[in-house]
There are 2 protein chains.
Amino acid sequence: MTPAPRKPASASSGPSRRFARFEDLPIAVAVDVALVTAEAGQLHALLVRPTAPEAGGDWALPGGFVDPSESVDAAAERVLAAKAGIEDVFLEQLYTFGAVERDPRTRVVSVAYYALVERARLGAVLQADRRLAPLSVPWEGEAGGRVEALDEKGRALPLAFDHADILGLVVKRLRGKLRYAPIGFELLPDRFPLRALQEIHETVLGRPLNKHSFRRSVLASGLVASANRREKTVGHRPAELYRFQASKPRKDR
Amino acid sequence: MTPAPRKPASASSGPSRRFARFEDLPIAVAVDVALVTAEAGQLHALLVRPTAPEAGGDWALPGGFVDPSESVDAAAERVLAAKAGIEDVFLEQLYTFGAVERDPRTRVVSVAYYALVERARLGAVLQADRRLAPLSVPWEGEAGGRVEALDEKGRALPLAFDHADILGLVVKRLRGKLRYAPIGFELLPDRFPLRALQEIHETVLGRPLNKHSFRRSVLASGLVASANRREKTVGHRPAELYRFQASKPRKDR
DNA sequence: GAAATAGTGTCTTTAAGACAGTATGTG
DNA sequence: CACATACTGTCTTAAAGACACTATTTC
């Protein structure tokens, strides 16, 4: 994400040795986790209102410092469990934000993660200081950029630090990854009609997809197997339900 | 890269507050940079022999600690300048390695980067404690895995820490990115015949490509423009030279 | 049987691969 | 003109899109 090179900061004075006392290195390591779900044709992210006033009362992604005794991955899982009550979800590292001034109070390097979860698993989490905000993506394809989180009236919520950039990167990653990785299923329940999977893809990509083509490619991928079950009474012909199946007999093109 | 969830490490005792004194957080932040080039149909990476005996004398990627006054990106650029004498190259963040025990001596979180550079720009760097090692990729497609660095006789060099994993991730990233991003040019001089670009792609992907298809798609991409020049005397018909052109009038599928 | 969505048949479009042909330099 | 590689013509194959048609369920 940083193809444009700049001049080195301190080529001589900086610590280029491999070993130094860590007292010399007062950089805090934190994690920020974008917990994403899909509902009603829109992506949503969990935001928390920091109790401390330092962040200006802006809404923020759940985050916290990494404890020296835990791995960075474990810290992300801990944050997710503590602030969203969620475990056992798709959780993947996104990018590490290391600008000097990204947090104006102290030097923090933050490893951003994103998690994908079915909407139904987020029922009880939402309280006064937590919200599931719909995301507004003002760009197409994988162009990338900032992404806004909206309130009930569709107005942009103020986001702390570089969290709008993090959300932008999440959407960009999702769009890129959807091409070849089975991540749409993470946003769905165990059994789902193919139409629901297509809606997920359309929501992530931000554009409509061809119905017949989508079904053909999904069924040909071998990632999906019939659950031999139908939707319950829906006022019209019920769709067949499918479930995700990891076998994936691919040949990499 | 961590889709499989595990249980949280310390859900209660860990620091979930946003603000702590950094004395409480003795985690060192480092960068490791995989400087990659292509030559004779093989990818190569710059390795250094650490002078300190702590790493067991294994070969390692150039790396160093991040100074509190510099951004993580700047630290990567500094390391590249200091250990490879290289500036103004394609440099992109790869992944952050945060396992507790990855460095047995102290807790280090390392942000890995990869850089791409034309082989000719690495002429004078190689000394006794630095080598450009060919990479052996024992897997196909984007399966991923460890990647070995070889010595002159094709034997695997011992690599420090998780650096074989980092190199594996580099190759995986390159293969994925080559599909949609103009990164092949980073490994070529300014003017190049299309055959050289195809060789780069084949080297990265580890499989042969169809000549006619490759030329069609490259020329159709608009990423390349004729330099109105030919190769110099090569004992046969000289190829037309092209140069990279960023315009890229794409429509995102 | 009307309504509504599920699911498919078929043609078109686009991109990639196979393969062999022609083109154009050097010696 | 022999050689070697550059470049292209053309057919085949594979995948995606357009679009309309049939299928099945509820009310």
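Excluded from the calculations below are hydrogen atoms, water molecules and symmetry mates; all remaining heavy atoms, backbone and side chain alike, are included.
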Considering residues, nucleotides and ligands other than B:Asp190, do more than 12 of their heavy atoms fall under 6.0 Å from its CG? no
In this structure, how many angstroms lie between the [atom2] atom of [N] and the [atom1] atom of [X], rounded?
| X | N | atom1 | atom2 | value |
| --- | --- | --- | --- | --- |
| A:Arg207 | D:dA16 | CZ | P | 11 Å |
| B:Phe214 | D:dT8 | CZ | P | 15 Å |
| B:Glu202 | C:dA16 | CD | C1' | 15 Å |
| B:Leu219 | D:dA6 | CG | C1' | 13 Å |
| A:Glu240 | D:dT25 | CD | P | 11 Å |
| A:Arg230 | C:dT5 | CZ | C1' | 12 Å |
| A:Arg195 | D:dT24 | CZ | P | 21 Å |
| A:Arg215 | C:dG9 | CZ | P | 12 Å |

Taking the nucleotide of DNA chain D with the closest heavy atom to each, which residue, A:Lys211 or B:Leu241, is nearer the 5' end? B:Leu241
5' priority, DNA chain D, between B:Ala239 and B:Gly235 [closest heavy atom]: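 Comparing both residues, the 5'-ward one is B:Gly235.
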Ring centers of A:Phe244, A:Phe192 separated by less than 6.0 Å: no
Would you check if the distance from the ring center of B:Tyr114 to the ring center of B:Phe90 is below 6.0 Å? yes
Are the charged groups of A:Arg173 and A:Glu92 less than 4.0 angstrom apart, N to O? yes
So, are A:Glu202 and A:Lys211 salt-bridged, with charged N and O less than 4.0 Å apart? no
Which of these, A:Arg179, A:Arg207, A:Lys177, sits in a salt bridge (Lys or Arg N to Asp or Glu O under 4.0 Å) with A:Glu142? A:Arg179
Hey, does the side-chain of [X] have a donor or acceptor N/O within less than 3.5 Å of a partner on the base of [N]?
| X | N | value |
| --- | --- | --- |
| B:Asn210 | C:dA16 | no |
| B:Arg237 | D:dA4 | no |
| A:His212 | D:dG17 | no |
| B:Arg216 | C:dG17 | yes |

Quick check on side chain to side chain contact (heavy atoms under 4.5 Å, CB included): which of B:Leu209, B:Leu197, B:Leu194, B:Asn210 does B:Arg215 satisfy it with? B:Leu194
Is there any protein nitrogen or oxygen under 3.5 Å from a nitrogen or oxygen in nucleotides 12-14 of chain D, and what are the pairs?
none

Output yes if the stacking criterion (under 5.5 Å between centres, under 30° between planes) is met for A:His236 over the base of D:dT24, else no.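 Not stacked: fails the 5.5 Å / 30° test.
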For B:Glu231, which contact category applies under a 4.0 Å heavy-atom criterion: base, sugar-phosphate, or nothing?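 No contact at all - B:Glu231 keeps every heavy atom at 4.0 Å or more from the nucleic acid.
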